[in-house]
A.B. asks: 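The structure's right below; bear with me while I get my questions together.
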Amino acid sequence: MEDVTNAAILILNFLFVPGLTYGCQLALGALGVTLVYGILRFSNFAHGETMSFGAMICILVMWWLQSLGVSIAPLPTVLLALPVGIAATVLACLLMDRWVYRFYRRQKSPPVTLLVASIGLMFLLHGGIRFAIGPDDRVVGDGARFIFNAREFRHATGLSEGLAFKTSQGITIVVTVLLVAALFWFLNRTRAGKSMRAFSDNEDLALLSGINPDRVVMITWVLTGILATIAGTLYGLDKSYKPFVFLQLLLPIFAAAIVGGLGNPLGAIAGGFVIAFSEVSITFAYRKFVAYLVPESWEPEGLLQLLSTDYKFAVSFVILVLVLLIRPTGIFRGKVI
Amino acid sequence: MSFLSGEHMTGGYGGGANILEDCTITVDRGEIAVVVGPNGAGKSTAMKAIFGMLDLREGCVRLDGEDITALSPQARVRKGMGFVPQTANVFTSMTVEENLEMGAFIRDDDISETMAQVFALFPILEEKRGQPAGELSGGQRQQVAIGRALMTRPQLLMLDEPTAGVSPIVMDELFDRII
Ligand SMILES: Nc1ncnc2c1ncn2[C@@H]1O[C@H](COP(=O)(O)OP(=O)(O)OP(=O)(O)O)[C@@H](O)[C@H]1O
Ligand SMILES: [Mg+2]
């Protein structure tokens, strides 16, 4: 019996909690992609770099705060920097729209033109970010590292398998829940939010109802900036911040948005968790888990890992291809690309 | 001087051929004007042109003496115009009630009275107020579409094939109320 409990704790510790955290981060990223797609009707490839930009500003402000000796321990200092990061990123989004996207929108360019423009902005942002903060790995978290660690857990329960819960994981989950609740309240309860949904549903009819498209677009970029900054910072807090990572992160984020149904916020969240749990559970080494459950003599020799973590991005890619083949609208019936 | 006039309107979709060729429409205040023609004659196109959803190559549109040719559709709504298009005339993913709310988007005052009037006109909508408009029957959708346009209390209401699929009794009632 104790072996079964240990096996369950093992899964909880190395698969469920990390998957949940990663899923939250992907969900927030995918929400930004899906909002832009729903309103502006193009896939924003610069979204990963927008996240990176927001996280970078937060880190720069965090360093400054740390140099002043400001601290909110046990919570990480970077949380204090979020408002500044959000403001800067929203401004950056609005400027990108003003200088690039608006031109193509007025020309009534096809979505693919906007998509290519966003790829251009992606490289521009990426270069700028590397120039500003450097390509190195940065540790973002300070304050208490764990809410409870594996040793404390073993002590308290007497089990041989430990369960740790990092502060960054707790923060990620709490912030995601609050942010998603606020976003859905905004979209479903406020007039501005409803006008966004109306615009996404039927652009012509929204115009006929007197909804101002420029305002809807502006609100969309504000929301995108908020979501991107928080998603990027949470990811950096949980792992570490490295500009290069956000280029790779684009694939699972788009996979999440598409799997859930592009343009559908609920789908983006579901998609985020589908991708995260698939990735974590396929690259997980099940050897120890199986060892707990079978007699000693049957203990497996290999790692029992379906796919090496080096190939984790292949998981998103395969899921993406399967969804596009079998159900192009995604789980929640978004728009067909 | 007529209330609404589209004068010598010429234009088509995108860069394509002219669909409207020197088309003139005038309507007086309190008048009901009807445009009749075979399928594909350009009736819907003319209405879109009046509402600014089509770039005119020539001609102009006047409302109450004012030249509104350069105004965007959303600006024309604020001038008191309302339009129910022939197709895609409801927000399918939003509830009946939200559709009506969006119709009243430009209003800052209390809309509950107007909404009650619309529900009195189309009782079925009150029953289905919480249901997404995309899940209604064709005739019911048409009622949502007209209700949405009525929510701004427009001075000028343009209906493209309003009777399509709606029972004659309901339509009779509607026209009685409008007049
Ligand atoms: N979005 C569009 N793009 C290009 N051409 C269009 C478009 N909509 C309509 N047309 C063309 O314009 C012409 C007039 O169409 P319109 O919809 O105005 O006709 P209608 O008089 O309203 O017909 P119906 O009685 O069938 O509603 C048709 O030849 C049609 O092919
Ligand atoms: Mg027509």
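Note that the structure is a prediction, hence the values are computed from the model and not measured. Residue numbering restarts at 1 for every chain, and letters A, B, ... go by the order of the sequence lines. Scope of the values below: all heavy atoms of this structure, side chains included, with no hydrogens, waters or symmetry mates.
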A.B. asks: Within the supplied structure, the quantity of interest is the number of heavy atoms (other residues, nucleotides, ligands) at a distance under 6.0 Å from B:Ile169 CD1; does it exceed 12?
C.D. replies: no
A.B. asks: Would you please name every residue forming a side-chain hydrogen bond (donor to acceptor under 3.5 Å, both in side chains) with A:Thr50, sequence neighbours left out?
C.D. replies: none
A.B. asks: I'd like to know whether A:Leu31 forms a side-chain contact (heavy atoms from CB on, under 4.5 Å) with A:Leu223, so could you lay out the CA-CA distance, the side-chain angles of the two residues, the decisive distance to 0.1 Å, and finally the verdict.
C.D. replies: CA-CA 10 Å; A:Leu31 272 174; A:Leu223 293 179; over 6 Å; no
A.B. asks: Between B:Phe51 and chain A, which part of the residue has a heavy atom less than 4.5 Å away: side chain, backbone, both or neither?
C.D. replies: side chain
A.B. asks: What residues form a side-chain hydrogen bond (donor to acceptor under 3.5 Å, both in side chains) with A:Tyr235, not counting sequence neighbours?
C.D. replies: none
A.B. asks: Do you know which of B:Pro73, B:Ala88, B:Ala104 has the most heavy-atom pairs with chain A at a distance under 4.5 angstrom?
C.D. replies: B:Ala88
A.B. asks: I need the B:Ile25 CD1 to B:Ile50 CD1 distance, nearest 0.5 Å.
C.D. replies: 4.0 Å
A.B. asks: May I have a table of the donor-acceptor pairs connecting chain A and chain B at distances under 3.5 Å?
C.D. replies:
from	atom 1	to	atom 2	distance (Å)
A:Arg191	NH1	B:Phe105	O	2.7
A:Arg191	NH1	B:Arg107	O	3.3
A:Arg191	NH2	B:Phe105	O	3.4
A:Lys194	NZ	B:Glu101	OE1	2.6
A:Lys194	NZ	B:Glu101	OE2	3.3
A:Arg197	NH1	B:Glu98	OE2	3.2
A:Arg197	NH2	B:Glu98	OE1	3.0
A:Asp201	OD1	B:Thr92	N	3.4
A:Asp201	OD2	B:Thr92	N	3.1
A:Asp201	OD2	B:Ser93	N	2.6
A:Asp201	OD2	B:Ser93	OG	2.6
A:Asn202	ND2	B:Ala88	O	2.8
A:Ser209	OG	B:Arg148	NH1	2.9

A.B. asks: Pick whichever of B:Phe105, B:Phe91, B:Phe83 has the most heavy-atom pairs under 4.5 Å with chain A.
C.D. replies: B:Phe91
A.B. asks: A:Val36 and side chain to side chain contact (heavy atoms under 4.5 Å, CB included): which single residue from A:Leu40, A:Ile39, A:Val33 fits?
C.D. replies: A:Leu40
A.B. asks: What residues, two or more places apart in sequence or in another chain, satisfy side-chain hydrogen bond (donor to acceptor under 3.5 Å, both in side chains) together with A:Thr233?
C.D. replies: none
A.B. asks: Please flag which part of B:Met53 lies under 4.5 Å from any non-hydrogen atom of chain A: side chain, backbone, both or neither.
C.D. replies: side chain
A.B. asks: For atom CZ of A:Phe184, decide whether the heavy atoms of other residues, nucleotides or ligands shown that lie under 6.0 angstrom number more than 12.
C.D. replies: yes
